[in-house]
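Owing to the predicted nature of the structure, the values given are computational and were not obtained by experimental measurement.
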Amino acid sequence: MPLTETPAEPTHSWLITLQYPTAAGFAVATRTGTSAFPPGCLREHAYLGIREWLARREPQLGGADVLFFSLEPYRL
């Protein structure tokens with residue numbers, strides 16, 4: 001689960017672009033953030049946690065289709 005509001009230094013940055021239905025057709029939303037994941041966390045769990053976090057914050061994104069997802073280490 002993304003911990004975007006944690007005082008700990010993030011371990012990863014992420015970007016996700018989603019497409020979701022609207023009354024007029026479709027809309028596209030891109031969101032970015034940083035998260036602190038525990039050592040050994042699977043990429044799949046990070047992805048699912050980000051999706052769940054976004055769905056809680058913006059319910060219209062809960063059933064959206066993913067057009068792009070990137071998860072990268074926070075430090076270069």
Novice: Looking only at heavy atoms, which two atoms of Glu9 and Ala36 are closest? And how far apart?
Specialist: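 Closest heavy-atom pair between Glu9 and Ala36: O-CB, 4.0 Å.
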Novice: Should Glu58 and Arg31 be marked as a side-chain contact (heavy atoms from CB on, under 4.5 Å) after you check the CA-CA gap, both sets of side-chain angles, and the distance that decides it?
Specialist: CA-CA 11 Å; Glu58 300 178 60; Arg31 302 292 183 262; 2.8 Å; yes
Novice: Quick one, Gln60 and Thr22 - any side-chain contact, counting heavy atoms below 4.5 Å?
Specialist: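 Counting from C-beta outward, Gln60 and Thr22 never come under 4.5 Å.
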Novice: Between the main-chain N or O of Phe37 and the side-chain N or O of Thr11, is there a donor-acceptor pair closer than 3.5 Å?
Specialist: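 Side chain of Thr11 to backbone of Phe37: a pair is present.
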Novice: Could you tell me which non-hydrogen atom of Cys41 sits nearest to which non-hydrogen atom of Ala46, and how far apart they are?
Specialist: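 Looking at all heavy atoms of both residues, the closest pair is SG-N, 4.2 Å.
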Novice: About how many Å separate CG of Leu54 and CH2 of Trp14, when rounded to the nearest 0.5 Å?
Specialist: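 The distance works out to 4.5 Å.
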Novice: Looking only at the side chains, is there a donor atom on one of Arg43 and Tyr47 sitting less than 3.5 Å from an acceptor on the other?
Specialist: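 The criterion, which ignores hydrogens and geometry beyond distance, is not satisfied for Tyr47 and Arg43.
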Novice: Find out if a path of hydrophobic residues (ILVMFWY) with successive side-chain heavy-atom gaps under 4.5 Å connects Leu67 to Tyr20.
Specialist: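 Looking at the clustering, Tyr20 is in a separate group from Leu67.
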Novice: Under a 4.5 Å side-chain heavy-atom rule over Ile, Leu, Val, Met, Phe, Trp and Tyr, are Val66 and Leu71 clustered together?
Specialist: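 Yes.
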Novice: Using the rule that Ile, Leu, Val, Met, Phe, Trp and Tyr join whenever any side-chain heavy atoms are under 4.5 Å apart, tell me whether Leu18 and Leu48 fall into a single cluster.
Specialist: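 Both belong to a single hydrophobic cluster.
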Novice: Looking at Arg51 and Leu61, what are the two nearest heavy atoms and their distance?
Specialist: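 The pair with the smallest heavy-atom distance is NH2-O, 3.5 Å.
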Novice: On a heavy-atom basis, which atom in Gly62 and which in Ala55 lie closest, and how many Å separate them?
Specialist: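 Closest heavy-atom pair between Gly62 and Ala55: CA-CB, 3.6 Å.
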